[in-house]
Student: 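I'd like to ask some things about the structure below.
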Amino acid sequence: MAAPHKLASFRLPPLPTVGELIKLYNLRAEKQLSQNFLLDLRLTDKIIRQAGNLRGAHVCEVGPGPGGLTRSILNAGAADLLVVEKDSRFIPGLKLLSEAAPGRLRIVHGDILTYRMDRGFPAKISRRWDDDPPNLHIIGNLPFSVSTPLIIKWLEHVANRTGPFSFGRTQLTLTFQKEVAERLTASTGSRQRSRLSIMSQYLCTVHSCFTIPGRAFVPKPEVDVGVIHFTPLVQPQIQQPFKLVEKVVRNIFQFRRKHFYKGLEKLFPEACRVELTQEMIQMADIDPTLRSTELKIPHFRALCEAYAHLCSQDSSLINYEYREELRQNHQERRSKLLDGNMKAKTAK
């Protein structure tokens, strides 16, 4: 492998432009896959600068498409770039880039939602969790359709220190639809404060880098795009299992315009709903007239700890789902109605 200082000055040899590759391979963005190409290499270079110094780094790029960001990552001096691309139409163009950067670009034809990134890089790059982040970065211009489920999946990996975070506090630099980007970074009291705000901020330092206007993409999306940088925290702000935190936060944000306890109630079966909701609020010592957007992360921490305590007293609570109870009640009412109709017909 070349020395790091040589990698930093490495530039790809002359290649067809991204636009020329799109024409050469007759590539079109698939609307159903939420694909939008970023062709301006000045913008892709700007995104890559937000990731920090990539000299000699290991990088995983998500959904490289025609390879605009890929070129910027290689030109920034990454020593080992692994790209995960689901759409087979982009593989020939990526292979062309791989040939221009021998030994530095690996291509995986697969789905990032199922790909085992922990198997994609050598164990020697790992760092202790309380050390500085490893020299491993996740970068991607994410399709809108997968951005939210993907970041939730990665946040769960952060909480469990698994997947790409088995190497340490791996940093992420990702694009999101502007509205989603605003939710990820929203502060207490903001109209955009949401489940995503809490789930990302209790686990990571979340930084909004800049906004890319929709007109910079091909085809032009109806919205602008935000670039967000994540660095996992050494200590999460809520010390409870991810799924428990997600359940509490999800329920609280069900009724954004109402007092937060309205969502809290849905954590409990109807038979004990009022009693346990009051007990949980008292344990957390929170004003029940606050709305979900007004709750700070310490409020959510207190609520999660209170809920964990109640679950330790009654293990059935953790698996209770309000919507499942609704579905069962609906089926029971329907069955009683059908039975009643059958009896009425028999009586006649």
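Quick note: residue numbers are just sequence positions, from 1.
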Student: Ion pair present between E179 and R183, side-chain N to carboxylate O less than 4.0 angstrom?
Tutor: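 Looking at E179 and R183, the cut-off is met.
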Student: Taking C-beta and beyond as the side chain, do I252 and I198 meet within less than 4.5 Å on heavy atoms?
Tutor: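 The answer is no; the side chains never approach within 4.5 Å.
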Student: With a 4.5 Å heavy-atom cut-off, do Y261 and I286 have their side chains touching?
Tutor: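 Counting from C-beta outward, Y261 and I286 never come under 4.5 Å.
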Student: Would R273 pass as a cation-pi partner of Y320, given that its NZ or CZ must be under 6.0 Å from the six-membered ring centre and within 45 degrees of the axis?
Tutor: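 Because its charged atom misses either the 6.0 Å distance or the 45° angle limit, R273 does not stack over Y320.
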Student: Start with the C-alpha distance between T277 and E265, add both sets of side-chain angles, then the distance that settles side-chain hydrogen bond (donor to acceptor under 3.5 Å, both in side chains), and finish with yes or no.
Tutor: CA-CA 6 Å; T277 300; E265 289 178 335; 5.1 Å; no
Student: Within the structure provided, determine whether L136 and R127 are in side-chain contact (heavy-atom separation under 4.5 Å).
Tutor: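 Sidechains of R127 and L136: no contact.
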Student: Among residues two or more places apart or on two chains, list those pairs meeting side chain to side chain donor-acceptor pair (under 3.5 Å) that have a residue in residues 164-173.
Tutor: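 Every side chain to side chain donor-acceptor pair (under 3.5 Å) pair that includes a residue of residues 164-173, provided the two are not neighbours, is Q171-H229, Q171-T231, T173-H229.
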Student: So D40 and R42, do their side chains get closer than 4.5 Å, heavy atoms only?
Tutor: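 Sidechains of D40 and R42: in contact.
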Student: Less than 3.5 Å apart, which donor and acceptor atoms pair up between the side chains of residues 294-306 and the rest of the protein, not counting sequence neighbours?
Tutor:
unit_1	atom_1	unit_2	atom_2	d
E294	OE1	R291	N	2.8
H299	ND1	K296	N	2.9
R301	NH1	Q237	O	2.7

Student: Would you please name every residue forming a side chain to side chain donor-acceptor pair (under 3.5 Å) with R128, sequence neighbours left out?
Tutor: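 By the side chain to side chain donor-acceptor pair (under 3.5 Å) rule, R128 matches D130.
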Student: Quick one: which residue pairs count as a side chain to side chain donor-acceptor pair (under 3.5 Å) with a foot in residues 114-124, not counting sequence neighbours?
Tutor: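 For residues 114-124: R116-D118.
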Student: With sequence neighbours left out, what residues match N135 under side chain to side chain donor-acceptor pair (under 3.5 Å)?
Tutor: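 Side chain to side chain donor-acceptor pair (under 3.5 Å) list for N135, sorted by chain: empty.
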Student: Is the closest side-chain donor-acceptor distance between H157 and T162 under 3.5 Å?
Tutor: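 Result is yes, a qualifying pair exists.
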Student: Just to verify, what does K247 make a side chain to side chain donor-acceptor pair (under 3.5 Å) with, not counting sequence neighbours?
Tutor: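 Partners of K247 under the side chain to side chain donor-acceptor pair (under 3.5 Å) test: Y307.
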Student: For residues R193 and T188, is any side-chain donor paired with an opposing acceptor at under 3.5 Å?
Tutor: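 Yes - a donor-acceptor pair under 3.5 Å links their side chains.
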